[in-house]
Protein chains: 2
Amino acid sequence: MCDQCDYGTLLRSVGLSDTPRRELVLGTIGNHQGVLRPSEILEKVRRRISINRVTLYRILDLLVQKKLVQRLSAGDRTFRYGLAGTSRHPDHAHFHCVHCGLMECLDPASIPLDLRQSQHPQLMKIERMEVRLDGLCQTCRSHPDV
Amino acid sequence: MCDQCDYGTLLRSVGLSDTPRRELVLGTIGNHQGVLRPSEILEKVRRRISINRVTLYRILDLLVQKKLVQRLSAGDRTFRYGLAGTSRHPDHAHFHCVHCGLMECLDPASIPLDLRQSQHPQLMKIERMEVRLDGLCQTCRSHPDV
DNA sequence: GAAGAAATGCAACTCAGTTGCATTTACTTC
DNA sequence: GAAGTAAATGCAACTGAGTTGCATTTCTTC
């Protein structure tokens, strides 16, 4: 999402040492527009370095826990991972193609995810909000045969 | 969600025969406030009738396909099922407690899910929208020890 | 460079959901 | 009401994503 981000610095800024694998995982997520499944991240990272499946899951957990990365539900059984919202990359809704599984980010301005807007009963403590639009992407829409 | 609903009629209205299992599954979902995991539905239905796990999944798929029921992501690895939105039960956002897994419906008025509001590029075809708030429910909030 | 801690790898496991096929139940048609 | 067909359900085995426990490697710090 951002080539100006220095992922090593980002890792250290949250108290994680920047190992080659962590940096590559975070960079893969960060430099991709849209969000990725673990299998896709694995494939991309493995073009550069060997990495075990379990290590990837552990790194993803760490990055989510440190709030560098957010885990999203696509409505299917596989999580997607994308950079967490920051002042430079504000939080935003996602579009999910129910046909091909593509999941992409929507313009933050189009559907503002501002928790202050919602007047839910304050009995529970809200930590985050996830908005997903399901439908058909441009490609699947124009090739209904696939 | 609604005791006035006649689930047998509802099933037939979408072209499904109303078998005892289907009616019980739909009734279990419909009469519960909030949304349910398959395991919870299984447990409740089994108090009344014997049913196989696979049969439940197949019935759930059918009900979702016929748009009587909607499948929701809780952000964990298990789907939740609730009555689909109708004019009488409008679509609404859900709250998910990240501690105990409880998932409940929010007042439709509090976060209106009106697709017409969002000005996303019309290149893709949007079919539905899912909004989930994650946080701590009242109970987990007041018993942080559990 | 030795000791301890952190990171990674490997094998086996779990859990939700799915598939293929057998069996039962319901629905015609005679 | 029996025979034949289709629909619904059951059962066992499988799949795929993610997890766990423990061994091995790599990094720190003295």
Side-chain angles (χ1 to χ4, degrees), chain A residues 7-8 11-12 14-29 35-46 48-66 68-82 96 98 101 103, chain B residues 7-8 11-12 14-29 35-46 48-66 68-82 96 98 101 103:
Chain A
Y7 296 113
L11 282 166
R12 284 189 300 272
V14 295
L16 294 176
S17 47
D18 64 328
T19 71
R21 270 151 263 262
R22 285 180 187 169
E23 211 170 305
L24 269 169
V25 170
L26 182 55
T28 300
I29 294 170
V35 296
L36 292 167
R37 325 165 117 98
S39 60
E40 295 166 324
I41 300 171
L42 201 61
E43 189 196 333
K44 287 174 188 290
V45 171
R46 279 182 172 163
R48 315 288 297 284
I49 200 175
S50 89
I51 183 174
N52 188 274
R53 211 167 58 92
V54 178
T55 304
L56 172 63
Y57 282 119
R58 284 199 273 237
I59 290 175
L60 289 173
D61 285 349
L62 261 181
L63 297 179
V64 169
Q65 188 185 316
K66 296 294 187 180
L68 294 183
V69 160
Q70 63 180 165
R71 163 184 293 170
L72 298 167
S73 322
D76 58 21
R77 307 193 26 62
T78 316
F79 293 125
R80 313 293 155 109
Y81 294 87
H96 174 238
V98 295
M103 195 156 171
Chain B
Y7 297 112
L11 282 167
R12 283 188 300 271
V14 294
L16 295 176
S17 46
D18 66 328
T19 70
R21 270 151 265 261
R22 286 180 185 168
E23 210 169 307
L24 268 170
V25 169
L26 182 57
T28 301
I29 294 170
V35 296
L36 293 168
R37 324 164 117 99
S39 60
E40 294 166 325
I41 300 171
L42 201 61
E43 189 197 333
K44 287 174 187 291
V45 170
R46 278 183 172 162
R48 315 288 298 282
I49 200 174
S50 89
I51 184 174
N52 188 275
R53 210 167 57 93
V54 177
T55 303
L56 172 63
Y57 282 119
R58 285 201 272 238
I59 290 175
L60 289 174
D61 285 348
L62 260 182
L63 297 179
V64 168
Q65 188 185 316
K66 295 295 187 180
L68 294 182
V69 160
Q70 62 179 164
R71 163 185 293 171
L72 300 166
S73 321
D76 57 20
R77 309 194 23 61
T78 317
F79 292 125
R80 313 293 156 111
Y81 295 86
H96 175 237
V98 294
M103 194 155 171

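Note that these values count all heavy atoms, side chains included, but never hydrogens, waters or copies made by symmetry. Quantities reported herein were computed from a predicted structural model and do not represent experimental measurements. Each chain gets a letter, A, B and so on, in the order the sequences are listed, and its residues count up from 1.
- Neither OP1 nor OP2 of D/dT19 sits under 4.0 Å from any side-chain N or O of B/R77.
- Nearest to the side-chain atoms of A/F79 among the listed nucleotides D/dG18, C/dA7, D/dT9 stands D/dG18.
- Listed candidates were C/dG20, C/dC10, D/dA17. Nearest to the side chain of B/R58 is C/dG20.
- The environment of CZ in B/R46 is crowded: more than 12 heavy-atom neighbours from other residues, nucleotides or ligands sit within 6.0 Å.
- With rounding to whole Å, A/E23 atom CD is found 17 Å from C/dT8 atom C1'.
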Could you walk me through whether B/Q70 and B/V35 pass the side-chain contact (heavy atoms from CB on, under 4.5 Å) check? CA-CA 9 Å; B/Q70 62 179 164; B/V35 296; over 6 Å; no
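- A/R53 comes within 4.0 angstrom of a base, heavy atoms only.
- In this structure, A/S17 does not reach the C/dA6 phosphate: none of its side-chain N or O atoms is under 4.0 Å from OP1 or OP2.
- At the heavy-atom level, B/R22 lies under 4.0 Å from the strands shown only through sugar-phosphate atoms.
- In terms of phosphate contacts, B/T19 brings a side-chain nitrogen or oxygen within less than 4.0 Å of OP1 or OP2 of D/dT9.
- Annotation: side chain of A/L68 is not in contact with side chain of A/I29 (no heavy-atom distance under 4.5 Å).
- Contact annotation: B/Y57 reaches the phosphate of C/dG17 (side-chain N/O to OP1 or OP2, under 4.0 Å).
- Spacing between atom CD of A/E40 and atom P of D/dG16 amounts to 16 Å, rounded to whole angstrom units.
- We find that CG of A/D76 is positioned 15 Å from C1' of D/dT15, with the value rounded to whole Å.
- Regarding contacts with the backbone of C/dC10, a side-chain N or O of A/N52 is found under 4.0 angstrom from either OP1 or OP2.
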Begin from the C-alpha positions of A/L11 and A/L63 and carry the test side-chain contact (heavy atoms from CB on, under 4.5 Å) through to its verdict. CA-CA 8 Å; A/L11 282 166; A/L63 297 179; 3.7 Å; yes
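- In this entry the distance linking CG of B/D61 with P of C/dA16 reads 16 Å, nearest Å.
- The nearest whole Å value for the distance from the CD1 atom in A/I49 to the P atom in D/dT25 is 17 Å.
- The CD1 atom of A/I51 sits 18 Å away from the P atom of D/dT25 (whole-angstrom rounding).
- Counting only heavy atoms from C-beta on, B/I59 has its side chain closest to D/dT9 among D/dT9, C/dT19, C/dT8.
- Atom C1' of nucleotide C/dC27 and atom CG of B/D18 are separated by 14 Å, given to the nearest angstrom.
- Residue order along DNA chain C, read from the 5' end via each residue's closest nucleotide, puts A/S50 first among B/R37 and A/S50.
- Although no hydrogens or angles enter the test, the distance criterion places a donor-acceptor pair under 3.5 Å between the side chain of A/R22 and the main chain of A/S17.
- Sequence order on DNA chain D of the closest nucleotides to B/R21 and A/S39 puts B/R21 first from the 5' end.
- B/L60 has its CG atom 12 Å from the P atom of D/dT9, to the nearest Å.
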